[in-house]
Amino acid sequence: MNQVKLVVAVVQDRDAVDLLQELTDAGHGATKLSSTGGFLREGNTTLLIGCEDDSVEEILGVIRQVCRTREQIVTPLTPIRGSTGDSFVPYSVEVTVGGATVFVLDVDQFFHV
Ligand code: 2BA
């Protein structure tokens, strides 16, 4: 019997619409959640995709094909301790975001009521 899997994919908002379209066109069910990245504190999208074991590679292929990496400038604040107390100095760093952060989980039960 096939093992049921849950693919959890954190993707950039700009890729989410195309990814959902490709997945549903290929016959895969998906749920889109609005999420926020812990580091950038910006919106991203998390997709939940329940599937049979033998569909996982196809789904990962669609994710690889649609989700792009992008460079993004972020400006974290560094605390500097001085005699009059702490101050915060902004500095810019470039990070590469995406294509996608993906988890593949085993599922005990999968049913609709
Ligand atoms: P964020 O946490 O907002 O991270 C956005 C991007 O910032 C990351 O892209 C990475 O390039 C950079 N970044 C993250 N933490 C960093 C750090 N401590 N120092 C320097 N740069 C850092 P991605 O790796 O493509 O991650 C995109 C999004 O995927 C993340 O957004 C987060 O929402 C999710 N994610 C990444 N790793 C995760 C994990 N282990 N568990 C759960 N979600 C994760």
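For the single chain, residues carry numbers from 1 onward in sequence order. For ligands, and for the atoms within them, numbers begin at 1 and follow the listed sequence.
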Would you please test L48 and V8 for side chain to side chain contact (heavy atoms under 4.5 Å, CB included) and show each step? CA-CA 5 Å; L48 306 180; V8 179; 4.0 Å; yes
Taking only heavy atoms of L40 into account, list the atoms of ligand 1 that are under 4.0 Å away from them. 1 (P), 3 (O), 5 (C)
For C67, which of V11, V62, V10 qualifies under side-chain contact (heavy atoms from CB on, under 4.5 Å)? V11
Within ligand 1, which atoms have a heavy atom of G37 less than 4.0 Å away? 1 (P), 2 (O), 3 (O), 31 (O), 33 (O)
What distance do D15 atom CG and N44 atom CG have between them, rounded to the nearest 0.5 Å? 11.0 Å
Nearest-neighbour protein heavy atom for atom 36 (C) of ligand 1, which is reported as residue plus atom name and distance: T101 OG1, 3.6 Å
Is there a side-chain contact between K5 and D106 in this structure, where contact means two heavy atoms from C-beta onward sitting under 4.5 Å apart? yes
Q72 (side chain) donor-acceptor with V97 (main chain) under 3.5 angstrom: no
Could you check which of V8, T45, N44 puts a non-hydrogen atom nearest to atom 33 (O) of ligand 1? N44
min-distance protein heavy atom vs atom 15 (N) of ligand 1 -> F39 CG, 3.4 Å
F103-V107 co-clustered via ILVMFWY side chain contacts under 4.5 Å: yes
Any side-chain heavy atom of L47 within less than 4.5 Å of one from L23? yes
As a check for students: among G98, C67, S35, G38, identify the option with a heavy atom nearest to atom 25 (O) of ligand 1. G98
Any nitrogen or oxygen of T36 lying under 3.5 Å from a nitrogen or oxygen in ligand 1? Just yes or no. no
Is there a polar contact, in the sense of an N or O pair closer than 3.5 Å, between V95 and ligand 1? no
Does any non-hydrogen side-chain atom of V7 lie less than 4.5 Å from one of I63? yes
Heavy-atom nearest neighbour of atom 10 (C) of ligand 1 within options V97, V102, T96: T96
If you count the atoms of ligand 1 from 1 in the order shown, which ones are under 4.0 Å from a heavy atom of F103? 39 (C), 41 (N), 42 (C)
Would you say V10 has any N or O atom under 3.5 Å from an N or O of ligand 1, going by distance alone? no
